[in-house]
Structures are given as C-alpha cells and as structure tokens.
Amino acid sequence: MTMRKILAANFKTNHTRASTRAYVKALDEGMGAMGYEEEVYLFPPATALDRFETANDIRVGAQNAYPTVKGSFTGEIGLEQLEEFGIETVLLGHSERRHLLGESQSFIANKFAWFKERDFRIIYCIGEPLEVREEGDEAVRRYLVEQFEGIDTSYEKLILAYEPVWAIGTGKTATPELIETTHAQIKQLSDAPLLYGGSVKPANIADILAVPGCDGALIGTASWEVESMLSMLSQVKGQK
Ligand code: PEP
C-alpha cells in the first residue's frame, strides 16, 4: 500500500495555551500556502487542548490520558476532558512516560485497550534504550516484541512510532541503515503505518523519510518552532 507520509509534532511540556493557538494559526496558514494536503498530528500540552478551527487537516491529540471517563485520578485527564474539545487521538507508550514517569507495559496496554474501545486513533511508541541497542539487533527485536505485549497490533486506527530512546532529544539520530533494519523487524509484527522518531529535524528529514519502510516522523524538539515544522512539511509534501 502506498500512502503519503505522516508527520506528527509532540510539544511535550512546551508551549502555552496562547502560543499553541498562535502556532496552529501559523501552521494552518503555512500548510495552505504550500498546498499541503495530508493530515498533520499535533500533541500540545493538556492545558492547551482546544477545538481549533483550521482550513487544513490538523489533528490535535492528547500526549497522555487516563483510561476513565472521569473520576478521582489527581493530575490526570479522562475522556470527558478530551471530548470537550473533540479530541480523538492519543499518544501512548512514549519513552518519557515509560522511563521518566514509570508507566509499565501492562498499564500502557490497559490504556491502549480502553482508548481502542472508544475508537481513538492511537499513536503507539516503542523503542529500545542504549544498553539494549548495544547488545545487537536480536536483543532489540526481543525488547520491541515485549513492548507489543497486550497491544492489538492489527487495530485499524493504530499508527506506530519507532523511537530509539537514545535518539530522543539527544541530537543523535539513528542511521538510515539502522532505521531500515529495525523498521523491517517491526513490520513483521504489524501492518500499521510506522513513523520514525528521534532528533528528526529539517536537515535530516528528507534522508530519514527516504528510508524504505518509513511512513513518516514523530518530531519533538524540531517541531516546537512553527517555521521548522513548516520547513519539514515542505520537504515531505506529496512524497509517498
Ligand atoms: C519525541 O519526543 O517523540 C521525539 C522524537 O523527540 P525529539 O524529536 O526531540 O528527539
């Protein structure tokens, strides 16, 4: 199946409500000016979630949510808060939630099943830490298989993101060869579109997206300035 590349921007704990609004406006105008026709996913912080009126296909998603409609889960947001803004996409399994915030595979799998049940689009992140990468391809494969435990890899609204932990926010990008090998391993486990994430930026996005089996990119740091995001969109426009 050939499809256009998918780009997604993860703001993490950056941007305010006001700056997110300005960003979405500039992104929408920039997409219109370059005739960018594909969907773009945008994950602002929870405080900046909103219903944005845009001319182009900008899909705002939640970086995290708790598997509940509402309830007593201090510091979390649930379905009621997402529905207020028509949010239908959630990012799950990001390495910062796994490693900094201690989310276990079984908890992530619970969230996955819960949001799948409610028909959400799920961008599901997997990726190995440096010590596993240093053990070689087979160790990486085993690690990634474990990150699929409890996950419905044939869910039709699933998008995968392979993000080696050692390449996230570090400026160290995986080589095209390594991305190709690992994406091929992952594609044996799921037919879902597969993004790459880890220090993607305007200077390397063209090379990364030219890798066979790379269906798009999940971008952190380099997505936070709208000019940088637009530069990446312009390089990807129309590419299959
Ligand atoms: C991310 O957080 O998903 C990510 C890929 O970050 P960065 O682009 O900053 O490496």
Side-chain angles (χ1 to χ4, degrees), residues 5-15 19-20 23 27 39-49 58-65 89-103 105 108 111-112 121-130 132-133 140 143-144 147-148 151 158-176 178-180 182-183 186 192-211 213-236:
K5 304 293 185 190
I6 300 169
L7 292 199
N10 177 12
F11 279 6
K12 311 191 188 196
T13 317
N14 298 282
H15 277 291
S19 71
T20 299
Y23 182 107
L27 181 65
E39 77 260 35
V40 173
Y41 293 91
L42 179 66
F43 295 93
T47 54
L49 291 178
I58 300 174
R59 301 184 188 182
V60 174
Q63 291 177 24
N64 173 48
T89 304
V90 66
L91 188 67
L92 295 178
H94 192 279
S95 70
E96 285 152 15
R97 296 213 61 89
R98 289 180 191 268
H99 301 293
L100 295 178
L101 295 151
E103 286 193 6
Q105 184 60 31
I108 295 167
K111 286 193 191 189
F112 188 103
R121 181 159 311 278
I122 298 175
I123 300 195
Y124 182 67
C125 305
I126 52 172
E128 80 289 355
L130 187 58
V132 175
R133 172 52 66 188
V140 171
Y143 191 89
L144 298 178
Q147 292 188 318
F148 280 128
I151 301 298
L158 169 64
I159 297 174
L160 293 170
Y162 168 57
E163 302 204 303
V165 179
W166 45 271
I168 297 182
T170 58
K172 281 187 207 151
T173 320
T175 61
L178 184 144
I179 298 172
E180 186 172 352
T182 316
H183 275 219
I186 297 167
L194 177 54
L195 317 184
Y196 170 78
S199 298
V200 176
K201 54 190 178 202
N204 62 19
I205 192 161
D207 289 344
I208 289 171
L209 294 193
V211 171
C214 185
D215 303 317
L218 175 55
I219 307 150
T221 316
S223 73
W224 302 341
E225 297 284 344
V226 73
E227 294 74 21
S228 164
M229 188 66 187
L230 285 169
S231 155
M232 291 185 279
L233 291 180
S234 71
Q235 295 186 54
V236 165

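When a ligand or atom number is given, it counts from 1 through the structure's own listing order. Please read all numbers here as calculations on a predicted model, not as lab measurements. All values below come from the heavy atoms of this structure, side chains included, with hydrogens, waters and symmetry mates left out.
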Practice prompt. Mind listing the closest non-hydrogen atom pair of I205 and A217 along with its distance?
Written response: CD1-CB, 4.4 Å
Item to complete: Classify the angle between the aromatic ring planes of Y124 and F148 as parallel (below 30°), tilted (30 to 60°) or perpendicular (above 60°).
Response: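 Y124 vs F148 ring planes: tilted.
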Worksheet item: So Y196 and H183, would you call those rings parallel, tilted or perpendicular, with 30° and 60° as cut-offs?
Response: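 Tilted, since the angle between the ring planes falls between 30° and 60°.
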Worksheet item: Can you find a pair of side-chain heavy atoms, one from M229 and one from V40, that are under 4.5 Å apart?
Response: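 Yes - at least one pair of side-chain heavy atoms lies under 4.5 Å apart.
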Worksheet item: So, R98 side chain and G93 main chain: donor-acceptor pair closer than 3.5 Å or not?
Response: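 At least one qualifying donor-acceptor pair exists.
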Fill in: Partners passing side chain to side chain donor-acceptor pair (under 3.5 Å) against W224 (at least two apart in sequence or in another chain)
none
What are the atom names and distances for all N or O pairs under 3.5 Å between ligand 1 and the protein?
{"residue": "ligand 1", "atom": "2 (O)", "partner": "N10", "partner atom": "ND2", "Å": "3.4"}
{"residue": "ligand 1", "atom": "2 (O)", "partner": "K12", "partner atom": "NZ", "Å": "2.6"}
{"residue": "ligand 1", "atom": "2 (O)", "partner": "H94", "partner atom": "NE2", "Å": "2.8"}
{"residue": "ligand 1", "atom": "3 (O)", "partner": "H94", "partner atom": "NE2", "Å": "3.0"}
{"residue": "ligand 1", "atom": "3 (O)", "partner": "E163", "partner atom": "OE1", "Å": "3.0"}
{"residue": "ligand 1", "atom": "3 (O)", "partner": "E163", "partner atom": "OE2", "Å": "2.7"}
{"residue": "ligand 1", "atom": "6 (O)", "partner": "K12", "partner atom": "NZ", "Å": "3.3"}
{"residue": "ligand 1", "atom": "8 (O)", "partner": "G220", "partner atom": "N", "Å": "2.8"}
{"residue": "ligand 1", "atom": "9 (O)", "partner": "T221", "partner atom": "N", "Å": "2.9"}
{"residue": "ligand 1", "atom": "9 (O)", "partner": "T221", "partner atom": "OG1", "Å": "2.5"}
{"residue": "ligand 1", "atom": "10 (O)", "partner": "G169", "partner atom": "N", "Å": "2.6"}
{"residue": "ligand 1", "atom": "10 (O)", "partner": "S199", "partner atom": "N", "Å": "2.8"}

